[in-house]
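For reference, the structure discussed in these notes is given below.
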Protein chains: 2
Amino acid sequence: MGVDKAIFTPVQSKRAFEEVSSKIKTLIFKGALKPGDKLPSETELASQFNVGRQTVREALRILELSGFITVRKGYGGGPIVQDTILNQISNLFSDAFQMEKISLEQITTARITIERAILEHAMENADSQDIKALEDNLNRAKKKADQNMMCLDENIEFHKLLAKASKNPVFVIVVESVLAIMRAFTSRLPPDPETCKKAVQNHEAIFHGIKEKNVEKAIESLERDFLELKNRLQSLAAQDTAEVET
Amino acid sequence: MGVDKAIFTPVQSKRAFEEVSSKIKTLIFKGALKPGDKLPSETELASQFNVGRQTVREALRILELSGFITVRKGYGGGPIVQDTILNQISNLFSDAFQMEKISLEQITTARITIERAILEHAMENADSQDIKALEDNLNRAKKKADQNMMCLDENIEFHKLLAKASKNPVFVIVVESVLAIMRAFTSRLPPDPETCKKAVQNHEAIFHGIKEKNVEKAIESLERDFLELKNRLQSLAAQDTAEVET
DNA sequence: TCACATTTGTCCGTATGTATC
DNA sequence: AGATACATACGGACAAATGTG
C-alpha cells in the first residue's frame, strides 16, 4: 500500500513575512480574530512575533491585498480585521480582463451558466423572507426606474438575493464575485436608464416565475435578462471608442 | 436625470508603494514588460523610482500576490514578470470559501450544480488535446488504482481537465477553488484506496460519455461520482470520532 | 485653535542567507 | 571553494496623518 506523496513537503523555506501573515490568517479562520477587531500596532506585532517591523509590514500588505484587513493611519489607527475578499477578487478579475485572460463573452457565459443552475436551488429553498427581500428590491427599483433614474445597485442586489435564497454560501460567493466584475464593467460605461428599466422588467418576470413555481418561466426570463444586458454592454462599449489610458 | 455619484473621489492619497506597483502594472498591461522579462533589482528600482528599498519591497509583494511577478533569490535572481493571475484568483476564492464555514453537504451540492453545467460546455468545446489529456489522466489513475495506491491528485486533476475543456477560464477558476476545498476535506480523513478506485471508474464512464457525445451518460456518471464521494467522506468522517484541533 | 500622543509611511545603514558562476 | 549579486531581514530615525484634550 503506497503512502501518498507529499507528507514531508513543508520543508520549503517560507519567508518570514509569509509565516507571519499565515499565522494571522489562521487566527481569523479559527474565529479568534473577527471583523472589527483591532490588531496590535506594527511595532507591537514585531516584538510579539520577534521579527522586524519591515517583516510585519510586508505581512500586513499581504493580508490587506488578500482582503483580510484594512489599515488606517494616525492616532487610534492600525490594522483592523475586515472582510473585503470579494472586492479583492473582483480587482484581480479586472486585472485578468485587462491582461486579456478573460473576455466579456466568457464572463457572461459563466454568469448565465452558473446563475441558471443556481436559480433552481433558489426556487426550492427560498423562504418567505427571501421572497419579501426580492419584493422590496423590486419596489425600490421600479420606483427609480419610473423616474428615469439609474437603479444599477438594485439590479445587482436582485441577483445577490437570488443566490442567497439558495441557502448555499458557495453560490453566494461565486455569484457576488462575478457580479463585482460586471459592476466594474458597467460603471466605466455611460449610464443608461433604459438598460436599467429593461432589467427591472426582466427581474419582475423572474420574480413572478418564482412565486408561481414556474421554473421554465423564471429561467427564460433570467436568460433574457442576461442576453439583453450583454447586447447593451457590447453596443455601449463599441460606442466608447475614445478610450484613454489613465 | 441624476448624475452618478463618485465623480470627485480620486483625491485619496495613494501610498508610495501603491504608486510604484501600479506603474509597473501599467507597463505590463501596455506590453512593455512581458512574461519572462527580468525586472531590475530592488536597489535599482529604488533609485529609478526615487524611493527607498522598503517601498519597493512592498510594491513587489503586491505585484507578487496579484500574480504579475515571481521573485527568485540568489545570484541572477530578482523579480521576473510572470502571469499567475488566474492562480491567485483561485487562492482568493479558496480563502473566501474558508471564511464561510462550508459543510460537505453544501460543497457537494455546489459541485454537482456547477460542474454539471460546465460539463455541457466541455463536451461542446473539447478538442483532441483535451481528450488526450483526459485519457492520459485516466491511464495514470488506473495504473495506481490497480496497485491499490492512492490517486487523489489524479482524480482532482480529472475535474480540472474537464473545466479546462470548456475553454472558459472563469469555469477553471471556480472549479479549481472548489476542488481546493474538497482537498482540504479529504486530506483530513484517513486515506482510502477504495474511494479512489470508485472515482476512477466513474471518471472512465464520464470520459466514455464525452467521447460518445452522450450527454446524459456523462452527466449521470458525474453525479454518481459526486454522490459516492460524499457518502464515502461522510462515513469516513463518522468513523473519525477522535477529532482534535491542530 | 493649539499642542500632544499614537501609529502608519518612508528612508537609510547594515548584516545575513542563498543561488549562480 | 570562493567571489558575486541578489533577496531577506533587522534597527534606528524622521515625516505625515489622525484623533484627543
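Throughout, protein chains are lettered first and strands after them, A, B, ... in sequence-line order, and every chain is numbered starting at 1.
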Write down the distance between [atom1] ([X]) and [atom2] ([N]), rounded to a whole number of angstrom.
X	N	atom1	atom2	value
B:K38	C:dT20	NZ	C1'	12 Å
A:K14	D:dA7	NZ	C1'	19 Å
B:R57	D:dC6	CZ	P	14 Å
B:E19	C:dG9	CD	C1'	14 Å
A:L45	C:dT6	CG	P	17 Å
B:F49	C:dT10	CZ	C1'	16 Å
B:E18	C:dT8	CD	P	15 Å
B:I80	D:dA7	CD1	C1'	12 Å

With a 4.0 Å cut-off, would you call [X] and [Y] a salt bridge?
X	Y	answer
A:E42	A:R53	yes
B:R140	B:D136	no
B:D153	B:K160	no

With B for base contact, S for sugar-phosphate-only contact and - for none (protein heavy atoms under 4.0 Å), nucleotides 13-21 of chain D reads B---BBBS-
Original post:
Picking from D:dC6, D:dA9, C:dC11, which would you name as closest to the side chain of B:Q54?
Top reply: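 Looking only at side-chain atoms, B:Q54 lies closest to C:dC11.
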Where at least one partner belongs to [range], residue pairs that pass side chain to side chain donor-acceptor pair (under 3.5 Å), sequence neighbours excluded:
range	answer
residues 83-93 of chain A	none
residues 61-70 of chain A	A:R61-A:E64, A:R61-B:E58, A:E64-B:R15, A:T70-A:Q82
residues 167-181 of chain B	B:D127-B:K167, B:D130-B:K167

- request: Output yes when at least one side-chain N/O atom of B:T55 is less than 4.0 Å from OP1 or OP2 of C:dG9, else no.
  value: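 B:T55 to C:dG9 OP1/OP2: no side-chain N or O under 4.0 Å.
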For A:E42, report the nucleic acid contact type (base, sugar-phosphate, nothing); a contact means any heavy atom under 4.0 Å.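 Contact class for A:E42: sugar-phosphate only.
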query = In terms of ring plane angle, is the pair A:H203 and A:F158 parallel, tilted or perpendicular, where the classes change at 30° and 60°?
reply =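 Ring orientation, 0 to 90° scale: parallel.
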List the atom of B:V200, the atom of B:L138, and the distance in Å for their closest heavy-atom pair.
->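 Minimum heavy-atom contact is O-CD2, 4.2 Å.
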* Apply ring pair (Phe, Tyr, Trp, His ring centres under 6.0 Å) to B:F17 and list each qualifying residue two or more places apart in sequence or on a separate chain. =>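 None.
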Scan residues 60-71 of chain A against DNA chain C and write down, sorted by residue number, each residue with any heavy atom closer than 4.0 Å; if none is found, say none.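 Close to the strand are A:R61, A:V71.
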